[in-house]
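The structure appears below as structure tokens.
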2 protein chains.
Amino acid sequence: MAAQRSRRKRPSMNDVARLAGVSQTTVSFVVNNVESANIPPETRKRVWKAIEQLGYRPNAMARSLRSSRTHTLGFISDEVATTPYAGQMIQGAQDAAWEQDNLLLLVNTGADARLEEAAIETLLERQVEGIIYAAMYHRSVSPPSIIHEVPTVLLDCFIPDRSLPSVTPDEVQGGYTATETLIKAGHRRIAFINNKDDIPATRGRLAGYKKALADYHIPFDETLVQIAGAGPSGFNSYEATYQLMHLANPPTAIFCFNDRMAMDTYQALHRLGLSIPDDVAVIGFDNQEIIADILRPGLTTVALPHYQMGWWAAQHLLQLIENIDAPAPSSPVQHTIACPLVLRHSV
Amino acid sequence: MAAQRSRRKRPSMNDVARLAGVSQTTVSFVVNNVESANIPPETRKRVWKAIEQLGYRPNAMARSLRSSRTHTLGFISDEVATTPYAGQMIQGAQDAAWEQDNLLLLVNTGADARLEEAAIETLLERQVEGIIYAAMYHRSVSPPSIIHEVPTVLLDCFIPDRSLPSVTPDEVQGGYTATETLIKAGHRRIAFINNKDDIPATRGRLAGYKKALADYHIPFDETLVQIAGAGPSGFNSYEATYQLMHLANPPTAIFCFNDRMAMDTYQALHRLGLSIPDDVAVIGFDNQEIIADILRPGLTTVALPHYQMGWWAAQHLLQLIENIDAPAPSSPVQHTIACPLVLRHSV
DNA sequence: ATGAAAGCGCTAACAC
DNA sequence: GTGTTAGCGCTTTCAT
């Protein structure tokens, strides 16, 4: 079968009507299954037969123009490419949208604010019914104000004045879960190697760590908290682990800000001749499959709920769209999604 | 600024025309910068002012309905989420599309063929001008035949009868480059730890390996080719490396099917007390950033051109669309993109 | 230099 | 039960 050459005119409802010997209206009723029209089975059959014969397919553009519903959501993000998680957020959003017969119109803009505004403008021209504005890691954003023209949900990000609904990972609970897991395994000297950047994850996970300690009546010891960078250069998790293990009273468990850092910790522990989890337990964050897959023993970690966040964003957006005529909620919901524990063998 | 409540009617060209005291036609001419209309600057100014005042924005749906051009490409893929590369292909495609004022309408379907057909059907209803059908790793696919109704480009996959244009990585050249890199570094005993699955990458890289050997007059020695699985279970690269190094005449360099396997090889070499690259050189494939970033010394590897493939797919598709009325080409182009060498320190 | 009018493919109120 | 009709917002031809 050859690809169709030329922009041949596709059959319209009119063509179907003519062939079936009915009016175009009747075809519309049949196609859309309009109950109140009471089209008898016979007529229906005739119409469907004509439809099949012609290979008729409804034209969503025309439908949208008429009904002013496009069933399309805009998905805009800063940098789809640069993170392995991007796909999961998109997939979550797409799945939720698809469930309700909506599709995603995708745009990405670098960090360029001008481009961002142009992108939103384009989405609006295309009559998207709402916009999902996504960041590739949990952070504060400032989208162009034009975005307020249409229902919007922030995905993996938030706006300081909270004027837009958002969905983000529950960093505090994540940090709490990691720490509690260690506590429940019997540890009391628990170190936390935190990230050095001032981002929600850094603050949140630390808060969760402290809260868990407090809940279990373990005094907070600040010598057990290290601040490290990721990657080989600078003070990293490898060195932080060394320092920690040379404390007079070293930890028996280490909670690492992320899996990448946990790798370095593994290496340091290995070099020190310490075994995981017997001598020291380790827990990470992010559930980066490849790392967890590589490390021996498998790294127990806390996962970022990317798929679920994407799903929630689309789902909530669709809800906002449906209720667009309802009174505005007192304040846009700032939804948080739990970061689940992923058990492997390092605790 | 509050999000817009209610589906308030947006201003149309008619509203602008009324406010500017001109006909709707004139507004259209102004908005679209129609030269032949010769609208004097004064009128233009009046119209633009009205546009601004009303916050008018053209309705792409109406425009599309009228012109039967939607400037929209469908992007359909099996499993966006499951690979860290997905984002790069999407971004490449999106960038190329955006450059020509097109947008991507995204759908993903699991492996489910029924869903796949429904997805394409939906895209066609929405009048996409072409479809990019993507796979998440280089392989043979069999899209539903309905896809032939519209110009289509296969991305990172191909169809056995070659009836659709495709873009895939040049596995042979990649294997050749990897091997040649090793040869040029002075090696003559070069092992290849290949993958066990029967996929294009497996065959192609092996072919490239053999070709490079031949070009440099190095006899092919099949004891130097191992077949391994990835991951911890089964015969893997770790064990393959052990076997290789215990040969009577062991290799001085190892080309691993992918970076994941190279990791295991590193580990085996390390265990054997062999240093990289002094005792044994290692080269990988895929350029999986996280692995390359982790390994010491940094892993020299060959990259899969995901972004470029995505870009080419959209670009070529747009070209097909533009030339849709031209005579069909004798056969759809099967484009191949080079896999570039990424130099680090393992060779 | 500008406008009137037709029509893209569809939905839906209303008529018969 | 089915058809007539009036647009949705736009492009474009043809008149003036």
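Bear in mind the structure is a predicted one, so any value in this text is a computation, not a measurement. First the proteins, then the strands, lettered A, B, ... as listed; each starts at 1.
- A donor-acceptor contact under 3.5 angstrom links the side-chain atoms of A:Arg66 to the base of D:dG7.
- A donor-acceptor pair is defined here as one N or O able to donate and one able to accept, closer than 3.5 Å; no such pair exists between the side chain of A:Asn32 and the backbone of A:Val34.
- Salt bridge B:Arg69/B:Asp101: absent, no basic N to carboxylate O contact under 4.0 Å.
- Only A:Ala37, A:Asn38, A:Ile39, A:Pro40, A:Thr43, listed by number, bring a heavy atom of residues 36-55 of chain A to less than 4.0 angstrom from any atom of DNA chain D.
- Taking each heavy atom of B:Leu317 and B:Gly130 in turn, the nearest pair found is CD2-C, 3.7 Å.
- Judged by distance alone, the side chains of B:Thr25 and B:Ser28 never bring a donor and an acceptor atom under 3.5 Å apart.
- In this entry the distance linking CG of B:Leu65 with C1' of C:dG7 reads 9 Å, nearest Å.
- The pair A:Arg10-B:Glu125 does not meet the salt-bridge criterion, since no charged nitrogen lies less than 4.0 angstrom from a carboxylate oxygen.
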Kindly give the atom pairs (protein nitrogen or oxygen, nucleotide nitrogen or oxygen) under 3.5 Å for nucleotides 14-16 of chain D.
none

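- Without hydrogens or angle criteria, A:Thr43 side chain to A:Ile39 main chain gives no donor-acceptor distance under 3.5 Å.
- At whole-Å resolution of the value, CG in B:Asp15 and P in D:dC10 are 9 Å apart.
- Between the A:Ser23 side chain and the A:Thr26 main chain, a donor and an acceptor come within less than 3.5 Å of each other.
- The ring pair (Phe, Tyr, Trp, His ring centres under 6.0 Å) pairs that include a residue from residues 49-75 of chain A number zero, where partners must be two or more places apart or lie in different chains.
- Comment: A:Glu52 does not engage A:Arg57 in a salt bridge, judged by the lack of any side-chain N to carboxylate O separation of less than 4.0 angstrom.
- Sorted by first then second residue, the ring pair (Phe, Tyr, Trp, His ring centres under 6.0 Å) pairs that include residues 87-146 of chain B, not counting sequence neighbours, are B:His138-B:Phe158.
- Separation of atoms CG (B:Leu106) and OG (B:Ser77) is listed at 6.5 Å; rounding is to 0.5 Å.
- Put simply, the side chain of A:Asp15 gets close to the backbone of A:Ser12: a donor and an acceptor are under 3.5 Å apart.
- Atom CE in B:Met61 sits about 14 Å away from atom P in D:dT11, given to the nearest Å.
- The separation between A:Arg63 atom CZ and D:dG7 atom C1' is 17 Å, rounded to whole Å.
- Atom pair A:Arg18:CZ and C:dG9:C1' shows a separation of 13 Å (rounding to whole Å applied).
- Here the side chain of B:Glu121 pairs no donor or acceptor atom with the backbone of B:Ile146 at under 3.5 angstrom.
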Parsed dot-bracket for DNA chain C after applying the Watson-Crick and G-U rules with both distances under 3.5 Å and | for other-strand partners is ||||||||||||||||
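- For A:Tyr56 and C:dG9, the OH to P distance is 10 Å, given to the nearest whole Å.
- Residue B:Asn14 is classed as having no contact, given no heavy-atom separation below 4.0 Å to the nucleic acid.
- Rounding to whole angstrom units, CG of residue B:Asn59 and P of C:dC8 are separated by 18 Å.
- Taking atom CE of residue A:Met13 and atom C1' of nucleotide C:dG9, one finds them 8 Å apart after rounding to whole Å.
- With hydrogens and angles disregarded, a donor-acceptor distance shorter than 3.5 Å links the side chain of B:Glu129 to the backbone of B:Thr70.
- DNA chain D lies under 4.0 Å from at least one heavy atom of each of the following residues of residues 21-28 of chain B: B:Gln24, B:Thr25, B:Ser28.
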